[in-house]
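Some notes on the structure that comes next.
Start at 1 and go down the list; that is how both ligands and their atoms are numbered. Throughout, numbering of the chain's residues begins at 1 and tracks the sequence.
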Amino acid sequence: MRITVVGSGNVGLVAGACFADLGHEVIVVDNNQQKLEALRNGEVPIHEKFLPELLSRHRGNRLIFSADLKDGARRSAAIFVAVGTPPTGRGEADLSYVESVAREISGGLEDYKVVIEKSTVPVYTSEWIRRIILRNGVDADSFDVASNPEFLREGTAVTDFLFPDRIVIGCDHDRAVEVLRKIYAPMTDGSYYRRTAAIPQPDRAAIPPPVIVTSTKSAELIKHASNAFLAMKISFINAVASVCESVGADVNQVVHGVGSDSRIGGRFLNPGIGYGGSCFPKDVKAFCAVARECGYDFGLLDEVMRINEDQRQRFLRKVRSALWTLRGKRLAVLGLAFKGGTDDIRESPALFVVQALLEEGSQVTAYDPAAMDRARETVGSSIQFANSAYEAAHGADALLILTEWEEFANLDLKRVRQELRYPIVIDGRNLYEPELMAAQGFTYYSVGRAAAHPDGVPSVLVKNGKKA
Ligand code: UDX
Ligand code: UDX
């Protein structure tokens, strides 16, 4: 099938590359010429596992890059819209990009096509896309609008796409559902997974994935509600972590006990410095705004956002209480990306903390395995960048862990200790066991657990909720 994907961001580019790997002919359309040139020249603009392989496998044959949306629409049976939906000042999603895409597509809808929302959009968007296309003179019989939300996490987007927990097809017309079923058939009939060149299956993946067919509005809500629920899980456990700190309990042990209940599940219960990224902050805000507009005050989500903001402030208070004053302190920061495994710094809680530290007069030397180039564009020369965690730690008054990169969970602690001026580690992602850090000579602060000091090692070592 020939498919056009509009927008070559994290969602559009991954979707385009994966559709090509399933065997479709894909045109990825973007209005940013520079980006198109880079993609045509073989550059991979985002840090995403397996994406370089897929792009080099299909670029120039089954996957082409174009600026001509009308032509793409004319030549395709399905047009996926994956342009950005940034928040407006009032927290609503800005749908002007989606609207201009809908207008432009209209010129290419001569025979029957399905226009599919992939971007996260408010519940009434499909209706608006439909209206815009009709206003531009297209016959109602020539198209349907569907919603086919994505649940891609950055860093693992390719495997999330090809091995999803479910495929949601939201559409009010059977003929459009059939087009979408055909597009995903290599996954749902299992044939893709039998190919020798298929992307390797991750643990936990149930193949073939189930298809859930819903109304368009339900599909739009599934996406919003899923993201809001996951954000709520994170804020919930961060609130529990704060109680743990007050009563002297260990949040990791609590997570182990709570998450073992299969009704709750242990995933997305990692406490830290709060959620960030291009989706959760924006989508929770937008879901709140949509609910308010529809007459429902979703106060629960206001609280989710409040706890998330507060979590960063709590971490800053921890840094202050560990170091007393911040002016003139040299701080080593590990992690700038909004989470591990990506170079994305959008709404990164790590960068928020760094900026607050700078405002208080600290000097920051940071290291991130992937996000330093992007961070440089934002924080410029206000911080120093190091080539490794050890270089960042060299001569620093304390080490701060702000992103959950695997690399940071496997540091040579002896070397870190030698590099630091004072052996103080403030871990915003709970990557280490407090007792082990104390045994290595560190004063160690983390989230939802008591601080540990070298001269106060508890007599019983506890790891993952079990006595060691
Ligand atoms: C975005 C949204 O942020 C997310 O909520 C949604 O689910 C999918 O789209 P992302 O892919 O990361 O996520 O967005 P972004 O990196 O902003 O990429 C959008 C792309 O669309 C850019 O390459 C931009 O140049 C392109 N674009 C934007 C167009 O081609 N036409 C437009 O009118 C606007
Ligand atoms: C998210 C959703 O998971 C995905 O389904 C959706 O399509 C897009 O938004 P992503 O933004 O890539 O994906 O990141 P995710 O892995 O969900 O993490 C989001 C934020 O929450 C990060 O800042 C991360 O550090 C934080 N997080 C995540 C926690 O603090 N604790 C957790 O247990 C999990």
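To the nearest 0.5 Å, atoms OG1 (Thr4) and CD1 (Ile105) are separated by 8.5 Å. Interatomic distance, Leu63 CG to Cys18 SG, rounded to the nearest 0.5 Å: 10.5 Å.
The Gly7 neighbourhood of ligand 1 comprises atoms 20 (C), 21 (O), 26 (C), with distances under 4.0 Å to a heavy atom of that residue. Taking every non-hydrogen atom of Lys223 and a distance limit under 4.0 Å, the qualifying atoms of ligand 2 come out as 6 (C), 7 (O). Residue contact check: Cys279 has heavy atoms under 4.0 Å from atoms 8 (C), 9 (O) of ligand 2. Annotation for ligand 1: atoms under 4.0 Å from non-hydrogen atoms of Lys35 are 22 (C), 23 (O). Residue Ser100 approaches ligand 1 through these ligand atoms, each under 4.0 Å from one of its heavy atoms: 33 (O). The contact set between ligand 2 and Glu150, taken as ligand atoms under 4.0 Å from a residue heavy atom, comprises 7 (O). Residue Asn32 approaches ligand 1 through these ligand atoms, each under 4.0 Å from one of its heavy atoms: 25 (O). Residue Arg346 approaches ligand 1 through these ligand atoms, each under 4.0 Å from one of its heavy atoms: 12 (O), 16 (O).
Proximity of Glu347 to ligand 2 is not established, as no heavy-atom distance is less than 4.0 Å. Residue contact annotation: Gly272 has no non-hydrogen atom under 4.0 Å from ligand 2. At least one heavy atom of Lys282 sits less than 4.0 Å from an atom of ligand 1. Residue contacts with ligand 2 include Arg429, since one of its heavy atoms falls under 4.0 Å from the ligand.
Side-chain N or O atoms of Glu48 include one that pairs as donor or acceptor with a backbone N or O of Gly155 at under 3.5 Å. Here the side chain of Glu407 pairs no donor or acceptor atom with the backbone of Pro369 at under 3.5 angstrom. Between the Thr125 side chain and the Val121 main chain, no donor and acceptor come within less than 3.5 Å of each other.
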Practice problem: Could you go through the salt bridge (charged side-chain N to carboxylate O under 4.0 Å, His left out) check for Arg57 and Glu53 one step at a time? | Solution: CA-CA 6 Å; Arg57 199 181 282 177; Glu53 288 92 317; over 6 Å; no
Practice problem: Check the pair Thr85, Lys282 against side chain to side chain donor-acceptor pair (under 3.5 Å), reporting the backbone distance first and the verdict last. | Solution: CA-CA 9 Å; Thr85 52; Lys282 165 174 82 77; 3.1 Å; yes
Quiz item: Is there a salt bridge (charged side-chain N to carboxylate O under 4.0 Å, His left out) between Arg374 and Glu377 once you walk through the steps?
Solution: CA-CA 5 Å; Arg374 296 222 164 158; Glu377 291 164 17; 5.8 Å; no
Practice problem: Go through the steps to decide whether Arg75 and Asp71 satisfy the test salt bridge (charged side-chain N to carboxylate O under 4.0 Å, His left out), and finish with yes or no. | Solution: CA-CA 6 Å; Arg75 290 165 58 197; Asp71 176 63; 3.1 Å; yes
Practice problem: Give the C-alpha distance, both sets of side-chain angles, the deciding distance and a yes or no for ring pair (Phe, Tyr, Trp, His ring centres under 6.0 Å) between Phe298 and Phe287. | Solution: CA-CA 9 Å; Phe298 213 147; Phe287 195 22; 5.4 Å; yes
Quiz item: Would Lys223 and Glu150 count as a salt bridge (charged side-chain N to carboxylate O under 4.0 Å, His left out) if you check the C-alpha gap in whole Å, the side-chain angles of each, and the deciding distance to 0.1 Å?
Solution: CA-CA 8 Å; Lys223 173 69 193 191; Glu150 251 346 303; over 6 Å; no
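The single protein non-hydrogen atom nearest to atom 21 (O) of ligand 2 is Tyr275 CB, 3.3 Å, given as residue, atom name and distance. Closest protein heavy atom to atom 33 (O) of ligand 2: Asn270 N, 2.8 Å. At the shortest separation from atom 34 (C) of ligand 2 among protein heavy atoms lies Phe268 CD2, 3.5 Å. Val11 CG2, 3.5 Å is the protein heavy atom nearest to atom 8 (C) of ligand 1. When only non-hydrogen protein atoms are considered, atom 16 (O) of ligand 1 lies nearest to Gly9 CA, 3.6 Å. Of all protein heavy atoms, the one closest to atom 28 (C) of ligand 2 is Ile234 CD1, 3.5 Å. Atom 2 (C) of ligand 2 has its closest protein heavy atom at Phe280 CE2, 3.6 Å. Of the protein's heavy atoms, Glu404 OE2, 3.5 Å lies nearest to atom 24 (C) of ligand 2. Nearest protein heavy-atom neighbour of atom 19 (C) of ligand 1: Gly84 N, 3.6 Å. Taking atom 6 (C) of ligand 2 as the reference point, the nearest protein heavy-atom neighbour is Leu152 O, 3.3 Å. Looking from atom 5 (O) of ligand 2 to the surrounding protein, the closest heavy atom is Phe151 O, 3.2 Å.
The distance criterion of under 3.5 Å between nitrogen or oxygen atoms is not met by Ser278 with respect to ligand 2. Residue Phe338 has at least one nitrogen or oxygen atom sitting less than 3.5 Å from a nitrogen or oxygen atom of ligand 2, judged on distance alone. Where the criterion is an N or O separation shorter than 3.5 Å, residue side chain and backbone included, Lys339 meets it with respect to ligand 2. Of the N or O atoms in Arg153, none lie within a sub-3.5 Å distance of an N or O in ligand 2. For Gly277, no nitrogen or oxygen atom sits less than 3.5 Å from a nitrogen or oxygen atom of ligand 2, counting backbone and side chain alike.
Comparing heavy-atom distances from atom 20 (C) of ligand 1 across Asp30, Thr120, Asp283, Asn31 singles out Asp30 as nearest. Among Asn10, Val83, Asn227, Val5, the residue whose heavy atom sits closest to atom 10 (P) of ligand 1 is Asn10.
Salt bridge Arg314/Glu309: absent, no basic N to carboxylate O contact under 4.0 Å. The residues Arg74 and Glu110 are annotated as salt-bridged, a charged nitrogen and a carboxylate oxygen being separated by less than 4.0 angstrom.
Aromatic ring centres of Phe163 and Tyr193 lie closer together than 6.0 Å.
Using the six-membered ring where Trp is involved, Phe161 and Tyr184 have ring planes that are tilted, between 30° and 60° apart. Using a 30° and 60° split on the angle between ring planes, Phe19 and Phe80 fall in the tilted class, from 30° to 60°.
Tyr192 and Asp21 share a side-chain donor-acceptor pair at under 3.5 Å.
Only the backbone of Leu269 comes within 4.0 Å of ligand 2, counting heavy atoms alone; no side-chain atom from C-beta on gets that close. Contact annotation for Ala82 and ligand 1: only backbone heavy atoms (N, CA, C, O) come within less than 4.0 Å of the ligand.
For the side chain to side chain contact (heavy atoms under 4.5 Å, CB included) with Phe315, the lone residue among Asp310, Ile426, Asp427 that qualifies is Ile426.
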